[in-house]
K.L.:
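Just passing along the structure, written as structure tokens.
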Protein chains: 2
Amino acid sequence: MSTNVMSPMHPVSDLSAHTGFLMRMVSNAVSQGFAGKLAGQDVTLAEWVMLRALYGGKPLPPSLLARKMGMTKGAISKLADRLLDKGLIARTDNPNDKRAHSLSLTHEGIAKVPALARLADESDAAFFIGLSDADHAALRGLLHKLINAHALTTAPVE
Amino acid sequence: MSTNVMSPMHPVSDLSAHTGFLMRMVSNAVSQGFAGKLAGQDVTLAEWVMLRALYGGKPLPPSLLARKMGMTKGAISKLADRLLDKGLIARTDNPNDKRAHSLSLTHEGIAKVPALARLADESDAAFFIGLSDADHAALRGLLHKLINAHALTTAPVE
DNA sequence: TCACATTGGTTGACATGGAAACTAGATAGG
DNA sequence: CCTATCTAGTTTCCATGTCAACCAATGTGA
């Protein structure tokens, strides 16, 4: 124990007083619901995000994926291994740098994305169906404000 | 927008088209920021939630905590072990049922909560400071709507 | 009362991510 | 060139959660 910078007594507010807490509650519920649907396709949330990140674009090096997905390079390395085992992505050596390589979708991976995208659409629609169009739009607007305010650029995977 | 590759089965929308995705992004950022502050007090997010759940109330059995916190009883069991080791909570045998017991805060645990609560307040305020009061209130309202719509039970039941 | 189902908790096998050590291949400076 | 330093990725260790098997105490019904 270092500096016992002890705070004077502080009122202990309820957990639900924190918007961040509410946020986490709702976010976890959405993610769990979606993860459940993905599980039926033998895909995890993180795997879906990586597959989506590789879909319709050029092959990407793990380092870039790590930044895009907000994960460490170690995590990306293992995640890529799993997708490689499942035959959904492939590695391509970089001819200019023998340390590096790029990741891309296999035919099987490409074929799988649309089905997963449909699940994502359905899952999202189902969860937010309780909101009116106006509410839904408002929510998205607020989230974007926060994303901009904090310059969030990564795709969390929890 | 989504370009080049044809959609065999389903149009592949962008990740950020999903409100659930935006929620994860923001929620993740809030939680990480708060977790960082908590780490300075040698407390994890899960530990904080349990400490807060036990603060100012009667001792609670692990089963109830599991429901309140949205975790499995196995996770609660281990989490309780950690807090026990840290001396922040204590177990009390249930005289009516020898299988059961209750968890409560120790003096040390009680003493620690207000400081953590202040961190929670500060962290939350800092994150949402970019929103106007009206926006903030609107966001909370929308989150509550979703929580109600899905009967997210990470709450009470006394 | 006794065999059996149920329930409160714990434990062990996995899964998965972060941090940091480590490896191999690039690069810069002298 | 040669060595010191970077850099891309991998691997190891650790933390933490889920799931399922398991243990012990309770409850139940004939």
Side-chain angles (χ1 to χ4, degrees), chain A residues 24-25 27-29 31-36 38-39 42-51 59-86 89-104 154-158, chain B residues 24 27-29 31-36 38-39 42-51 59-86 89-104 154 157:
Chain A
R24 205 153 57 78
M25 249 173 98
S27 166
N28 285 346
S31 296
Q32 280 178 32
F34 183 32
L38 282 176
D42 289 306
V43 170
T44 67
L45 210 46
E47 286 169 6
W48 153 245
V49 174
M50 183 178 279
L51 291 175
L60 300 178
S63 48
L64 182 56
L65 280 170
R67 271 193 304 151
K68 279 184 82 133
M69 298 178 57
M71 291 171 68
T72 62
K73 50 192 189 156
I76 292 293
S77 182
K78 294 174 231 175
L79 180 51
D81 277 347
R82 275 172 255 144
L83 286 171
L84 227 24
D85 284 347
K86 292 186 181 181
I89 68 173
R91 283 200 173 103
T92 310
D93 286 341
N94 180 332
N96 304 318
D97 185 337
K98 285 178 183 167
R99 295 168 301 179
H101 64 249
S102 291
L103 299 170
S104 54
T154 65
V157 167
E158 205 150 331
Chain B
R24 281 212 301 287
S27 163
N28 212 50
S31 297
Q32 278 183 20
F34 183 32
L38 283 176
D42 289 306
V43 170
T44 67
L45 209 49
E47 286 170 6
W48 153 247
V49 174
M50 182 177 280
L51 291 175
L60 299 178
S63 49
L64 183 56
L65 279 170
R67 270 197 304 154
K68 279 183 85 132
M69 298 178 59
M71 292 172 67
T72 63
K73 49 188 190 161
I76 292 294
S77 183
K78 293 171 201 171
L79 179 52
D81 278 346
R82 273 173 256 145
L83 287 172
L84 228 24
D85 284 346
K86 292 187 181 181
I89 68 173
R91 283 202 172 100
T92 310
D93 286 342
N94 180 332
N96 305 317
D97 186 336
K98 288 179 179 166
R99 292 168 301 182
H101 64 249
S102 291
L103 298 170
S104 55
T154 306
V157 194

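First the proteins, then the strands, lettered A, B, ... as listed; each starts at 1. The shown structure was predicted, so the numbers you read here are calculated from the model rather than taken from an experiment.
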K.L.:
Walk me through it: do A/Asp42 and A/Arg82 pass the test salt bridge (charged side-chain N to carboxylate O under 4.0 Å, His left out)?
P.N.:
CA-CA 11 Å; A/Asp42 289 306; A/Arg82 275 172 255 144; over 6 Å; no
K.L.:
With a 4.5 Å limit on heavy-atom distance, are the side chains of A/Met71 and A/Val49 in contact?
P.N.:
no
K.L.:
Between D/dG17 atom P and A/Leu45 atom CG, what is the distance in whole Å?
P.N.:
18 Å
K.L.:
Take the protein atom NE2 of A/His101 and the nucleotide atom P of C/dG25, then report the distance between them rounded to whole Å.
P.N.:
15 Å
K.L.:
Which protein N or O atoms sit under 3.5 Å from an N or O of nucleotides 1-7 of chain C?
P.N.:
{"from": "C/dT7", "atom 1": "O2", "to": "B/Arg99", "atom 2": "NH1", "distance (Å)": "2.4"}

K.L.:
Could you give the CG-to-P distance, from A/Asn96 to D/dT7, as a whole number of Å?
P.N.:
18 Å
K.L.:
When you measure from the side chain of A/Met71, which nucleotide among C/dG9, C/dG18, D/dG9 comes out closest?
P.N.:
C/dG18
K.L.:
To the nearest Å, give me how far apart CZ (B/Arg91) and P (C/dG8) are.
P.N.:
16 Å
K.L.:
Please check: side-chain N/O of B/Asp93 versus main-chain N/O of B/Pro95, any donor-acceptor pairing under 3.5 Å?
P.N.:
no
K.L.:
Nearest whole Å is fine: how far is C/dA15 P from A/Leu38 CG?
P.N.:
18 Å
K.L.:
Would you classify B/Asp97 as touching base, sugar-phosphate or nothing, given that sugar-phosphate means primed atoms plus P, OP1 and OP2, and contacts are heavy atoms under 4.0 Å?
P.N.:
sugar-phosphate
K.L.:
Between B/Ser63 and C/dG9, is there a contact of a side-chain N or O with OP1 or OP2 at under 4.0 Å?
P.N.:
yes
K.L.:
Just how far, in rounded Å, is P of D/dG9 from CG of A/Asp93?
P.N.:
11 Å
K.L.:
Between D/dC19 and B/Thr72, is there an OP1 or OP2 to side-chain N/O distance shorter than 4.0 Å?
P.N.:
no
K.L.:
Please list, in numerical order, the residues of residues 73-84 of chain B that have a heavy atom closer than 4.0 Å to any atom of DNA chain D.
P.N.:
B/Ala75, B/Lys78, B/Arg82
K.L.:
Using modelled atom types and a 3.5 Å cut-off, is there a donor and acceptor pairing between side-chain atoms of A/Asp97 and backbone atoms of A/Arg99?
P.N.:
yes
K.L.:
How long is the straight-line distance from OG of B/Ser31 back to CZ of B/Arg24, given to the nearest 0.5 Å?
P.N.:
13.0 Å
K.L.:
I need the A/Thr44 OG1 to A/Met50 CE distance, nearest 0.5 Å.
P.N.:
9.5 Å
K.L.:
Picking from D/dT16, C/dG9, D/dT26, which would you name as closest to the side chain of B/Thr44?
P.N.:
D/dT16
K.L.:
CG/A/Leu79 to CG/A/Leu84 distance, rounded to the nearest 0.5 angstrom?
P.N.:
10.5 Å
K.L.:
Rounded to the nearest Å, what distance is computed from the CE atom of residue B/Met50 to the P atom of nucleotide D/dT16?
P.N.:
13 Å
K.L.:
Rounded off to whole Å, could you give me the NZ-to-P distance for the A/Lys86 and C/dA15 pair?
P.N.:
11 Å
K.L.:
Can you tell me how far CG of B/Leu103 sits from CD1 of B/Ile89, rounded to the nearest 0.5 angstrom?
P.N.:
4.5 Å
K.L.:
Could you grab the distance from atom CD of B/Gln32 to atom CG of B/Leu45, nearest 0.5 Å is fine?
P.N.:
10.5 Å
